[in-house]
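This report refers to the structure that appears directly beneath it.
This chain uses plain numbering: 1 for the first residue, then up along the sequence.
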Amino acid sequence: MIVIVKKSTAPAAVEALSNQLRTFGVDVHLSQGSVHTVLGLVGDTSKLDIDQLKTLECVEDVKRIQEPFKNANRKFHPLDTAIKVGKNIIGGGTVTVIAGPCSVESEEQIIEVAQKVKASGAKLLRGGAFKPRTSPYAFQGLREEGLRLLSLAKKATGLPIVTEIMDIAQLELFADVDVIQVGARNMQNFELLKQLGRTRQPILLKRGLANTYQELLMSAEYIMASGNENVILCERGIRTFETYTRNTLDVSAVPVLKKLSHLPVIVDPSHAIGVAEFIPPLALASLAAGADGLMVEVHNNPACAKCDGMQSLTPVQFDELMKKVAKLSAAII
């Protein structure tokens, strides 16, 4: 349920109304907009009489929310959420590009890639330390050593780092990680999501291969309901009948998620398409659809990459893409 407060209402009256509503056993989330103040009520609202609430002098309107996700719902929070990562902002009308290799392979590799993507305009560095792979015989990442090398690249370039967590037991190792990524396979690992909700680090939540928009938002709700509201949604492609590409990028996810939720939405065209030559047009299409940013795989030598070389841009190709991103961003922002 949401309670829309009249614009002329004094802050003290808003606080008094909030306290009154809390007596019914619900949590009250305040969202202060330029026109209206919205109180989002989370919990059992069955005891609240909508008609009675509407009679209060400071209340303009009261609406019940049917969707099961409350904290992530745009109706609770009409304004876009902007999440600060270092000196950067994700969401809120900005375009942020995250770039780097699929996996961290060596100190030389990760620092070289970090320097080059930064020079091209990337704001955050991605790199896998723990790698979920379909085959148990494939490269699984450098693990703790990979995190150490990411920290070295962060010190060398100043770029905040984004990397994926696989298990609750790894959480203590992620103290120096600026954005913790939850991969598609872990999107519904609810125990992990609840633990991440107790952190204050931003969480980049990827949509699962066969999950609906509502399921993605409910996973975000697990994190937010546990106390961490710094969630970034990521569309990374879904599994369809098509086999020519790795997955199918659901571009329509961007405007739909932006309508349903106030959380930032970024797109990972690399995992969506799986073929380097198709990444630039998908990246630009995603931004045109309203995405708040991109996550792109970049490797200094894709032919020798230990994983996902086929979908990795070279630094030169990434630089060319960033020039197009800059032109498009100037036109649509």
Side-chain angles (χ1 to χ4, degrees), residues 1-7 9 14 17-18 21 26-45 48 50 53-54 59-85 89-96 179 182 187-188 193 196-197 202-208 211-236 250-267 286-294 332-333:
M1 179 183 291
I2 60 172
V3 177
I4 303 173
V5 182
K6 292 179 180 177
K7 184 178 179 180
T9 305
V14 174
L17 175 60
S18 299
L21 293 169
V26 297
D27 293 327
V28 180
H29 296 263
L30 173 66
S31 178
Q32 186 74 53
S34 58
V35 178
H36 291 109
T37 295
V38 176
L39 301 178
L41 312 185
V42 179
D44 182 7
T45 59
L48 293 170
I50 289 183
L53 286 175
K54 287 181 178 180
V59 174
E60 182 170 305
D61 199 5
V62 181
K63 298 179 180 179
R64 288 199 180 275
I65 304 299
Q66 301 302 320
E67 297 91 344
F69 51 94
K70 307 298 182 183
N71 292 286
N73 201 315
R74 183 173 287 280
K75 294 175 184 176
F76 270 50
H77 196 299
L79 300 179
D80 288 341
T81 288
I83 296 175
K84 187 174 182 180
V85 182
I89 299 293
I90 299 178
T94 63
V95 171
T96 304
V179 178
V182 176
M187 192 205 85
Q188 291 185 306
L193 300 180
L196 293 175
I203 309 299
L204 192 154
L205 180 64
K206 285 195 165 187
R207 181 183 177 191
N211 287 106
T212 65
Y213 303 142
Q214 179 166 302
E215 288 170 338
L216 172 61
L217 291 170
M218 288 305 295
S219 290
E221 194 76 9
Y222 264 93
I223 300 170
M224 300 177 77
S226 296
N228 186 352
E229 297 185 349
N230 298 311
V231 179
I232 303 159
L233 304 175
C234 181
E235 167 59 37
R236 47 82 66 211
D250 183 11
V251 179
S252 62
V254 177
V256 173
L257 290 172
K258 298 286 280 187
K259 177 181 180 180
L260 294 174
S261 177
H262 56 91
L263 298 174
V265 179
I266 70 168
V267 174
S286 300
L287 294 179
D292 296 294
L294 303 167
I332 62 178
I333 292 181

Restricting to side-chain hydrogen bond (donor to acceptor under 3.5 Å, both in side chains), what partner residues turn up for [X], sequence neighbours left out?
X    : answer
H77  : none
S252 : Y213, D250
K258 : D292
T96  : none

Calculate, to the nearest 0.5 Å, the distance between atoms [atom1] and [atom2] belonging to [X] and [Y] respectively.
X    : Y    : atom1 : atom2 : value
S31  : I2   : OG    : CD1   : 9.5 Å
T45  : I65  : OG1   : CD1   : 9.5 Å
I232 : K206 : CD1   : NZ    : 12.5 Å
L260 : N73  : CG    : CG    : 7.5 Å
L205 : L193 : CG    : CG    : 6.5 Å
L233 : I203 : CG    : CD1   : 12.0 Å

Which atom pair, heavy atoms only, marks the closest approach of [X] to [Y]?
X    : Y    : value
V231 : N228 : CG2-O, 3.9 Å
V267 : S286 : CG1-OG, 3.3 Å
P255 : A289 : CD-O, 4.0 Å
A220 : L263 : CB-CD1, 4.1 Å
C234 : L204 : CB-CD2, 3.5 Å
L41  : V28  : CD2-CG2, 3.8 Å

Pairing residues for [X] by the salt bridge (Lys or Arg N to Asp or Glu O under 4.0 Å) criterion, not counting sequence neighbours:
X    : result
E235 : R207
R236 : none
D27  : none
E215 : none

Output all residues satisfying side chain to side chain contact (heavy atoms under 4.5 Å, CB included) with [X], sequence neighbours left out; order by chain, then residue number.
X    : result
M218 : P68, F69, Q214
K84  : I89
E60  : I4, K6, H36

Are any of the side-chain heavy atoms of [X] and [Y] separated by less than 4.5 Å?
X    : Y    : answer
M224 : H29  : no
I83  : P264 : yes
L48  : M1   : yes

Which is it for Q32 and V14 under the side-chain contact (heavy atoms from CB on, under 4.5 Å) test, yes or no, and what are the steps along the way?
CA-CA 11 Å; Q32 186 74 53; V14 174; 5.9 Å; no
Candidate pair M187 and N211, rule side-chain contact (heavy atoms from CB on, under 4.5 Å), full reasoning
CA-CA 9 Å; M187 192 205 85; N211 287 106; 3.4 Å; yes
Not counting sequence neighbours, list each pair that qualifies as a salt bridge (charged side-chain N to carboxylate O under 4.0 Å, His left out) and has a residue in residues 68-78.
E67-K75, R74-D80
Looking only at atom types and distance, does a side-chain atom of T37 sit under 3.5 Å from a main-chain N or O of V5, one as donor and one as acceptor?
no
For N71, is there any backbone N or O sitting under 3.5 Å from a side-chain donor or acceptor partner on H262?
yes
